[in-house]
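Notes for the one structure printed next.
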Amino acid sequence: MTFDPSQLPSLLNPEQLEAATHVGSPLLVLAGAGSGKTRVITYRIANLIKAHDVAPWRILAVTFTNKAAGEMKERLEKLLGPEGADVWVSTFHSTGARILRREGEVIGLSKSFVIYDEADSLAEMKRVMKAMGVDSRQIEPRRILHRIDDAKNHGRTPDDCAKFPAYDEAGRLFPELYRRYQKALAAADAVDFGDLLHRMVELFEKAPDVLEKYRHRFRHVLVDEFQDTNGVQFRLLKMLAGDGRGLCVVGDDDQAIYRWRGADVTNLLQFEQEFPGTRIVKLERNYRSTQLILDAAHSVISRNRHRMEKKLWTEREGGDPLELLVARDERHEAQLVADKVRISIRDGVDPNEIAVFYRTNAQSRVIEEAFRLGRIPYHVVRGRSFYDRAEVKDLASFMRLSINPRSDQDALRVINKPARGIGDTTVARIEEAARSWGLSVVEACARADEIPGLNSRAQGKVRAFAQLIGELIQVALAEGAGAVAEAALKKSGMEEAFLADGSDEAIDRLDNVRELVGAAKEWDESWEWEPDPADPGAEPPLPVAAFLEQIALLGEGDERVQGARVSLMTLHAAKGLEFEEVFLTGMEEQVFPHSRALGEQGGAEEIAEERRLCYVGFTRAKRRLVLSLATSRALYGDLRFNPPSRFLGDVPKELFAGVGAAGDRVRHQARVAGGTYVEYDEDAAGPEIDLGDDDGFEDGVTIDYSFDQRPQVRQRHPVRPAVFRRRPGEVVEKAATLPTLGMGGPGAYPIGTPVRHPSFGVGMVEGADGDKLSIRFPGVGVKRVVARFVQPV
DNA sequence: TGAGCGTCAATTAGC
DNA sequence: TTGACGCTCA
């Protein structure tokens, strides 16, 4: 139970030991996949406390996800007992929330500010745009929010942004939108996720004494997944860590897969320059996978440039060869995977130790279907689906109003939920009144009789809403989170409305909100306010407030565990996990690497990131790695024939089982009905594609996949592709061949074909895309119509 | 208010 | 193909 530092040499390998015990200079731990980094971090913390007499509350350990933070806390408490609970282990964002909650008054935040999630922010931005008269169809609110987030990640205020030249309408409006958005947040006493970091910088800059307090307090700062840090996060770290003597960062540049989210690997790559005197420790010994899997992973990742050289090794030599499943199409692929999984389970593999990965969420559908059909228990690992449900958010909004009635966002969300006769017009009048009086929506509602334009019936309903919130406030002041949740559910009429509806869907929703009530009650039982040793005078927050903070920042969290099931997830979601058997599906160009990374806007860095993603996927596997691809795939409504992923080609074929392995030359041959042949050349980066003729079929497409000239798969695709594409969006062939769809009968519509359309008359085919034809009709112009609506003339 | 329909677009997703 | 969104009509 109690940790003894003298045991460390027997618990850790030499590199881990150094990482865990080195003190006196900044420390960068390059921790390869499966090298035991969490172990190192926890032992390091334990060692600081036990061997160096550092008070637990002087240590700050930052992670990216609540899950990681939770696991670390748990381990620490196991190692150190109650003392472990005094270490600040939290995400960047919770750290921000915690400090802002305490000190935010300096920058105009009350102690009860709310945290907006994306949906809240989006709604707020839409309102800002509307108020400014900006057409939200012309300028996407999402895009603006993204830019705001980006600005915050770089520490830029609206004024800073105004200094940059604007290239378009959106750019011209941006600073003002940003400014007004921030103003709206401030008025609502709210912050968004970006603010939790950005405003902390603001706080530290405005109040050096506050910064000094925390800098002095946190003698040791540890950061996990350091490759995922962005600009502000690094800035905050630098502020807190000073010269960096107490700073220890742990990360792996090969697992940097969040550049698109603002993460900047250069934080890691240039850490040494930033903090001279940095000690670098590499953890290359892997405790997870077989050597064979590591070799495969290395063959993929080693093609990236600009990486910190490292190579994983393990004592688990050899291992089972990789497997490659080549399927006709995505359904077949799912089928093959399901079959293999079923066999594994039958042979005794724990379903919880099996995972299926894919690049995009859309791919999960067919896999789920195959699993359902095959009666294989599975679950799809997603983000925070529970708390994102509309009904759950509604109830949470009521709860937020109970501690912060100024949050217009929440007020507007639930003012008519369930429907209580406060329509759009009434809401608009309330908003207008609130604006002119400088009051919040709830405050304005309380003065319903003074709002211009409301008839007495509307006044009554509006006043009742204000009263409802007033009652919830009373409950919040006197009782726990559970009581508030329950009161909100009952008094708002939500429960009644769901029951009155009675449909399966309504009952389902009711179950969800009841679950939130249950979660709040459970929270009340287990939560207790622990004063911070460094700040004993702080007064405890209301239990509801603490609960809401928790769920605002929480992901799926403690997902209710329900028995043995196979996990389905995206590659991104797979980071940090491990499984005995891993199935990596969709190993095709355009799918993985994703077309977005290959297209015009995709550069070398995008491909490199896809490659890292592949590396992450491979290194999740402990014992067995199965890769699969589909030679044809229905995507965005039409059929694509994607060559095998270049990542397959990177893996030496000796690592694969059976004849014909990846890395061989792959040749496709296809013939399209209607006499249209498509030439398809690919550069050497991907396998060689050759779509020729000579399949002997009248229509349909035949594709040969051969590996080293030995035919592996030869099959006829019964569906004829409308168009072949070389790159997304680019029509390669001039003629379009259409599937047999009703009226037109089999046949092609080459360019120049005259056709008749029931409403536009006779026109000439100019092109095709999917099952749509572009046809020029005299006097009408070019129309895109569904092929089955036209007939050849 | 909500169902129904046309249009448009189409990774990844942490807090 | 699917899904989200905004608009119209009952």
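Here the structure is a predicted model, which is why all the values come from computation and not from measurement. Note that these values count all heavy atoms, side chains included, but never hydrogens, waters or copies made by symmetry.
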Q. At under 4.0 Å, does any side-chain N or O of Asn361(A) touch on OP1 or OP2 of dT12(B)?
A. yes
Q: For Asp192(A) and dA13(B), give me the distance from atom CG to atom C1', rounded to whole Å.
A: 16 Å
Q: Rounded to the nearest angstrom, tell me the gap between atom NE2 in His93(A) and atom C1' in dG14(B).
A: 7 Å
Q: Among Asp189(A), Asp410(A), Asp394(A), find the residue that satisfies the salt bridge (charged side-chain N to carboxylate O under 4.0 Å, His left out) test when tested with Arg400(A).
A: Asp410(A)
Q.
Regarding dT12(B), can its base be found pairing with the side chain of Arg359(A) as donor and acceptor, where the two atoms are less than 3.5 Å apart?
A. yes
Q. If you measure from the P atom in dA13(B) to the same atom in dA4(C), how many Å do you get, rounded?
A. 15 Å
Q | Steps toward side chain to side chain contact (heavy atoms under 4.5 Å, CB included) verdict (Ile607(A), Leu598(A)) | A | CA-CA 7 Å; Ile607(A) 306 252; Leu598(A) 300 171; 3.2 Å; yes
**Q.** Heavy-atom closest pair, residues Gln255(A) and Gln227(A)
**A.** O-NE2, 3.8 Å
Q | Close residues, residues 362-369 of chain A, relative to DNA chain B [heavy-atom separation under 4.0 Å] | A | none
**Q.** Same-atom distance (C1') from dT12(B) to dC5(C), integer angstrom
**A.** 22 Å
Q. Closer than 4.0 Å, any side-chain N/O of Arg259(A) to the OP1 or OP2 of dT11(B)?
A. no
Q: Return the nearest nucleotide to the side chain of Lys126(A); candidates are dG6(C), dC15(B), dG14(B).
A: dG6(C)
Q. In terms of side-chain heavy atoms of Arg596(A), which of dT11(B), dC15(B), dT1(B) is nearest?
A. dT11(B)
Q. Rounded to whole angstroms, how far apart are OH on Tyr358(A) and P on dT12(B)?
A. 10 Å
Q: Begin from the C-alpha positions of Leu196(A) and Phe92(A) and carry the test side chain to side chain contact (heavy atoms under 4.5 Å, CB included) through to its verdict.
A: CA-CA 8 Å; Leu196(A) 290 176; Phe92(A) 272 104; over 6 Å; no
Q) Phe226(A) has an atom CZ; how far is it from atom C1' of dG14(B), in whole Å? A) 17 Å
Q. Taking it one step at a time, do Leu584(A) and Leu571(A) satisfy side chain to side chain contact (heavy atoms under 4.5 Å, CB included)?
A. CA-CA 9 Å; Leu584(A) 181 32; Leu571(A) 282 159; 3.7 Å; yes
Q: Report yes if a side-chain nitrogen or oxygen of Tyr636(A) is closer than 4.0 Å to either non-bridging phosphate oxygen (OP1 or OP2) of dT11(B); otherwise report no.
A: yes
Q: Have a look at Arg142(A) and say if it touches a base, only the backbone sugar-phosphate, or nothing, with a 4.0 Å heavy-atom cut-off.
A: sugar-phosphate
Q. Mapping His146(A) and Ile422(A) onto DNA chain B by nearest heavy atom, which one lands closer to the 5' end?
A. Ile422(A)
**Q.** Phe226(A)-Phe234(A) aromatic ring centre distance below 6.0 Å
**A.** yes
Q.
I want to check one thing: is the phosphate of dA10(B), taken as OP1 and OP2, less than 4.0 Å away from some side-chain N or O of Thr360(A)?
A. no
Q: Round to a whole Å and report the spacing from OH of Tyr615(A) to C1' of dT12(B).
A: 20 Å
Q) Is the aromatic ring centre of Phe64(A) closer than 5.5 Å to the centre of the six-membered base ring of dC15(B), with the two planes inclined by less than 30°? A) no
Q | Ring centroids of His594(A) and dT11(B) base under 5.5 Å with planes under 30° | A | yes
Q) Rounding to a whole Å, what distance do you find between Asp224(A):CG and dC15(B):C1'? A) 15 Å
Q: Figure out the CG/P separation between Leu548(A) and dC15(B), and round it to whole Å.
A: 17 Å
Q.
Go through it in stages, so that I can follow the logic: the residues are Asn304(A) and Tyr615(A), the test is side-chain hydrogen bond (donor to acceptor under 3.5 Å, both in side chains), and I'd like the CA-CA distance, side-chain angles, deciding distance and then a yes or no.
A. CA-CA 11 Å; Asn304(A) 269 353; Tyr615(A) 174 78; over 6 Å; no
Q) Could you walk me through whether Leu222(A) and Val250(A) pass the side chain to side chain contact (heavy atoms under 4.5 Å, CB included) check? A) CA-CA 8 Å; Leu222(A) 295 93; Val250(A) 183; over 6 Å; no
Q: Using atom CD of Glu588(A) as one end and atom P of dT11(B) as the other, report the distance to the nearest whole Å.
A: 16 Å
Q) Quick one: on DNA chain B, does Gly194(A) or Trp260(A) contact a more 5' nucleotide (nearest heavy atom)? A) Trp260(A)
